[in-house]
Amino acid sequence: MNKPADDNLDAALAKLPRTVEPARDLWPGIAARIAAHRSRVRNGWSYGVAVAAVVVAAAAVTWSLLRPSSPGTQIVAKTTTDHGVVTKPVDMLAQFTAQMVSNTDLPPKARAALLDNLRMVNIDILHTQAALKKYPDDVNLRALLFNLYQQQAWLLNEAQQVQVQTTARTDI
Amino acid sequence: MEAASVPLSLPGNSAASRDESAALAARARDGDVGAFEQLYRRHAGRVHSVCLRITADRGAAEECTQDAFVRAWDALGRFRGDSSFATWLTRIAINVALQRLKLERRHLRLVQPGDTEFIESHAAPKEAPDADMDMEKLIASLPPAARTVFVLHAVEGYSHEEIAGLTGIAAGTCKAHVHRARQLLQARLQA
């Protein structure tokens, strides 16, 4: 490479502008994405805490039902004879999860579908808890109950994901 | 022999400006979006110029600029002030632009000489507009790999080893790209 050509090139490079402003103001789009991100993080945290709370609450109900001479035992013993089975606990869990779902911005159809699924899982959870009361050493029942809790958490998490997808990237 | 690179000095990178940016970054880290907007106003031109020169595409450069600032917002907690905010932000912008090139394989979507829209929207009209625009056009018309490495080395001032780390190609290959880019540019300047 010859020196004059190098010098010419370097001189031309040195003249390049330090900054090239964008043709339009990009801040509104950035601000919208930051706001969406903050909202997701906030919702994610509160939702995560709520999911954990549901699982803990369900586990607590199980523990109280399986505990000898607990009030829960009476509820199950009573309800299994008169078809009110699990009505109270189901209502309790259903109310709890329904409240969580109602706090989301899901479309009505998705929310209804989610509530239906949660209701079914909650009923299964209570039935399994009742069965475990009769057969407390049944490993399969315990595994089933654990699996149902996982389904419950998964459903709530899916609801959160759907919500995130519908609120993300609103700027473009 | 390869001539020494002539990196552009970073605008707003004086000691006072660095302090101000650092203070704004600290406020932004605490959730002050207004402070972050001030950082955007200070550094948008710098970030955009890097993205534009790497992508050679106006739309892509604008998207990369937005992505870079959003990423910077997310990463503010990791900004320790070891380097200036401008340097830190520029590095993020380079990574965003390189990632875009890799992911979208837009290497051949170049700004063509004579693209008046590009010229009008990106010229620096205050001083020697023709010379600057010509050089921008010439750089944009380089083959993508050579352009990327050349911009990082000759314009941004990164060493071949640093570019190797950023791009994942060997330092020797970086040197070859820069050499080729310089030859092409010199030939076009003399034409």
Side-chain angles (χ1 to χ4, degrees), chain A residues 1-52 103-105 157 159-172, chain B residues 1-12 31 33 36-37 40-41 43-53 58 61-63 65-70 72-74 117 120-128 131-132 134-136 138-139 150 154-155 179 182-183 185-187 189-190:
Chain A
M1 240 176 261
N2 64 59
K3 187 78 167 61
D6 269 342
D7 289 345
N8 285 343
L9 178 57
D10 289 338
L13 287 173
K15 286 183 183 172
L16 282 176
R18 296 171 173 184
T19 64
V20 180
E21 294 296 329
R24 61 190 176 94
D25 185 5
L26 303 176
W27 174 251
I30 295 168
R33 286 173 60 182
I34 288 173
H37 176 80
R38 283 158 66 109
S39 170
R40 280 201 305 278
V41 169
R42 205 164 39 238
N43 287 344
W45 266 101
S46 57
Y47 214 88
V49 169
V51 168
N103 287 335
T104 68
D105 296 326
N157 188 52
Q160 162 72 352
Q161 295 304 316
V162 170
Q163 190 182 358
V164 165
Q165 285 168 17
T166 54
T167 56
R169 305 289 297 218
T170 53
D171 60 310
I172 50 177
Chain B
M1 194 178 107
E2 181 195 325
S5 63
V6 278
L8 301 173
S9 60
L10 293 175
V33 179
F36 195 66
E37 180 178 1
Y40 165 80
R41 302 284 169 213
H43 301 286
R46 175 77 195 127
V47 168
H48 182 254
S49 70
V50 171
C51 294
L52 181 63
R53 285 171 182 146
R58 188 179 57 181
E62 289 184 352
E63 287 175 15
T65 301
Q66 285 191 323
D67 287 347
F69 275 98
V70 172
W73 170 267
D74 289 344
E117 191 184 12
E120 286 163 5
S121 60
H122 295 107
K126 288 179 184 169
E127 50 181 344
D132 290 352
D134 284 346
M135 182 48 74
E136 295 283 14
L138 289 177
I139 291 173
F150 180 78
V155 181
H179 182 73
R182 289 189 70 90
Q183 281 185 321
L185 290 173
Q186 284 172 349
L189 276 174
Q190 289 169 347

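Computed from a prediction, not measured in an experiment: that's the story for all the values here. Each chain gets a letter, A, B and so on, in the order the sequences are listed, and its residues count up from 1.
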What's the separation between atom [atom1] in [X] and atom [atom2] in [Y], rounded to the nearest 0.5 Å?
| X | Y | atom1 | atom2 | value |
| --- | --- | --- | --- | --- |
| Lys15(A) | Glu136(B) | NZ | CD | 13.5 Å |
| Leu185(B) | Leu13(A) | CG | CG | 7.0 Å |
| Leu9(A) | Gln183(B) | CG | CD | 11.5 Å |
| Phe36(B) | Ile30(A) | CZ | CD1 | 7.0 Å |
| His48(B) | Leu26(A) | NE2 | CG | 6.5 Å |

Kindly indicate whether the side chain of Trp27(A), heavy atoms from C-beta on, has any atom under 4.5 Å from the side chain of Arg41(B). yes
Shortest non-hydrogen contact from Met135(B) toward Ala12(A): CE-CB, 3.2 Å
Quick check: closest heavy atoms across Gln66(B) and Gly29(A), and the distance to 0.1 Å? NE2-CA, 3.5 Å
